[in-house]
Asker: 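Just dropping this structure here.
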Amino acid sequence: MKFDLKADLRLSNDATSAIKTIDEFFKNANKTFLNHGKGKNAIVKEWNLNKDLLSLHIISEKYFRAHDALLQIKNKLSEEIGKKHKIGVRATNVREYEIEFELEKKPLREINIPFAELKIKGLKAILKLEDTSEEFLRKNYVDRMIRLVKEKILNQYYEGKKEFWHLIWQSEKKEPIWNKDPTEEMIKLGWVKQGPTKGKWFYGPQLTAILRTMERIAVEEILEPLGFQEIMESHIVPFEIWLKTGHLEGMPAEIYYVAEPASRDIEKWSKFIDLVKITKEVPYEELKKNLSLPNAGICYAQCPVIYWFFKGKTIAEDSLPLLVYDKTAISCRYESGGRHGIERVDEFHRIEPVYIGTKKQLLDLREKLLERYKYVFNEIFDLEWRMAWVTPWYLQQAGKIGMEENEMGTIDFEAYMPYRGDRENSKWLEFQNLSILGDKYTRAFNIKTQKGELWSGCTGIGLERWSIAFLAQKGLDPKKWPERFKEYLSELPEGIKFL
Ligand code: SER
Ligand code: ZN
């Protein structure tokens, strides 16, 4: 790694009379605070004073970024010439900054990043920045730019690769009652209707009864026995939260954005109102003028807002593990091409339990959760299903690649969907997941306890997914449903007859 930086410091006054002090300062700087031994050195190669303009050329290696050296020089020099000559440094402008670094892999296609010109020759990358502000350097954009170049190259190698998937457990085969697509059949029966907008559904009384039964089973058979407490969160998530969880960089194309009115003042809306009254259409152009830029989105997963609630808190040891769940916030994901039935939708209902505790507590909890889940899916639903380690959702949703299993990672629960074909060749439906995330979010949200480190995790229970997995195997006729399930729901509401 090599850094080559040319900067101008604008001084508060002509410093010609201070040239001796400045000369000594730089001679000294190269020997003292810029010199940390091999690989950790920065050197002022050249400097030039033209009245109140001090130009510098700094080069450095790996561990001491030239821009850090510049910031230190600025502070120390201000002190020195301030004391002796009452001259200060007014502004810093980095004219040119070249950063050369090694790559592990050659890019497969051309890449570029904002703020810099990028040149790659073999395994050597050069970033060229021009006219960069001090703030830019202070905020450490440079390091992130280097990381981004490496990440983009790595991503090129992962594209098109098979997803990480490692089977953990599999139930026995179960003979399905039928092999129809439940959504199609329910549409025919009038239990559900698509719309009113893309990927959303209106659930009639029958399907609502099934979804609510799923919710009740999850709460009564899993969450209450394990001591989870219910909380209710907002389902509008400000960008600040997603900046911390990584969703904003990972999922920007799937977010349903929320915009506030630019003003609550009805006067400001009068033209909009008039246009609606006259045209009976939506005056989009006028609407645009009355909206603020979105600063939030509709819930994507419920856990980020739960972490926000605990942000900066120190949790008493005897409150650990902290077990809460939300079943209020509705999640939205802009799915575009992938929509199918009520199993892949833009808007869905999920219970999301979140757990925070010591590593040991969470590993124990995972065993208990798995035991309860197995009980529900085997004994109550009588499902054919399996569990596998998959790419953790927290990497996926942050637009990253990778895998983790054992202590940390995500387990997907998948159900056989008879309507999709045979067991071996069809895609099973992910109807549930369970993750332990290590200290990823406890660190991001600064959640602590009296002593030791806190881990966290979550396990999403999608009501649509539970229902469709069950219905795909067990059919729509309650008489044919498993006995234990019938203890929860044995008859469906009559519904509404249309003429
Ligand atoms: N946060 C998880 C997800 O989005 C749910 O547990 O999949
Ligand atoms: Zn979650």
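Both counts, for ligands and for their atoms, begin at 1 and track the order of listing.
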Asker: What are the atoms of ligand 1, with element, lying closer than 4.0 Å to any heavy atom of Arg333?
Answerer: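 Here the atoms of ligand 1 in question are 4 (O).
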
Asker: Going by the order shown, which atoms of ligand 1 are within less than 4.0 Å of some heavy atom of Cys303?
Answerer: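 So the answer, numbered in order with elements, is 1 (N).
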
Asker: Which protein non-hydrogen atom lies closest to atom 7 (O) of ligand 1, naming both residue and atom, and how far is it?
Answerer: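 Nearest protein contact, heavy atoms only, for atom 7 (O) of ligand 1 is Asn433 ND2, 2.9 Å.
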
Asker: Specify whether Phe377 and Tyr373 have parallel, tilted or perpendicular ring planes, treating 30° as the upper limit for parallel and 60° as the lower limit for perpendicular.
Answerer: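 Ring orientation of Phe377 relative to Tyr373: parallel.
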
Asker: Show your working on side chain to side chain donor-acceptor pair (under 3.5 Å) between Tyr334 and Lys198 and close with a plain yes or no.
Answerer: CA-CA 9 Å; Tyr334 191 77; Lys198 275 185 292 190; 2.8 Å; yes

Asker: What class does the angle between the rings of Trp385 and Phe431 fall in, given that below 30° is parallel, 30 to 60° is tilted and above 60° is perpendicular?
Answerer: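 Because their plane-to-plane angle is over 60°, the rings of Trp385 and Phe431 count as perpendicular.
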
Asker: Looking at Ala301, which atoms of ligand 1 are within less than 4.0 Å of one of its heavy atoms?
Answerer: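 Per the distance check, 1 (N), 4 (O).
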
Asker: Measure the acute angle between the ring planes of Tyr257 and Phe239, then classify it against the limits of 30° and 60° as parallel, tilted or perpendicular.
Answerer: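 Rings of Tyr257 and Phe239: perpendicular, as their planes differ by over 60°.
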
Asker: With atoms numbered from 1 as shown, which atoms in ligand 1 lie under 4.0 angstrom from a non-hydrogen atom of Thr459?
Answerer: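 Matching atoms, with element in brackets: 6 (O).
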
Asker: Do Tyr307 and Thr245 have side-chain N/O donor and acceptor atoms under 3.5 Å apart?
Answerer: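 Result is no, nothing qualifies.
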
Asker: Check the pair Tyr157, Glu104 against side chain to side chain donor-acceptor pair (under 3.5 Å), reporting the backbone distance first and the verdict last.
Answerer: CA-CA 12 Å; Tyr157 281 85; Glu104 268 171 41; over 6 Å; no

Asker: What protein heavy atom sits nearest atom 6 (O) of ligand 1, and how far away is it?
Answerer: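 Checked against all protein heavy atoms, atom 6 (O) of ligand 1 sits closest to Gly460 N, 3.0 Å.
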
Asker: Out of Arg212, Glu464, Glu215, which residue meets the side chain to side chain donor-acceptor pair (under 3.5 Å) rule with His349?
Answerer: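 Single side chain to side chain donor-acceptor pair (under 3.5 Å) partner of His349 among Arg212, Glu464, Glu215: Glu464.
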
Asker: Return the residue, atom name and 0.1 Å-rounded distance of the protein heavy atom closest to atom 3 (C) of ligand 1.
Answerer: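 Going by distance alone, atom 3 (C) of ligand 1 is nearest to Gln397 NE2, 3.6 Å.
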
Asker: Side chain or backbone of Glu352 under 4.0 Å from ligand 1, or both, or neither, by non-hydrogen atoms?
Answerer: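 Near ligand 1, Glu352 shows its side chain, while the N, CA, C and O stay back.
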
Asker: Given the Zn ion (ligand 2) as the apex, I'd like the angle to SG of Cys458 and OE2 of Glu352, rounded to 10 degrees.
Answerer: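 The SG/OE2 angle about the Zn ion (ligand 2) sits at 100°.
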
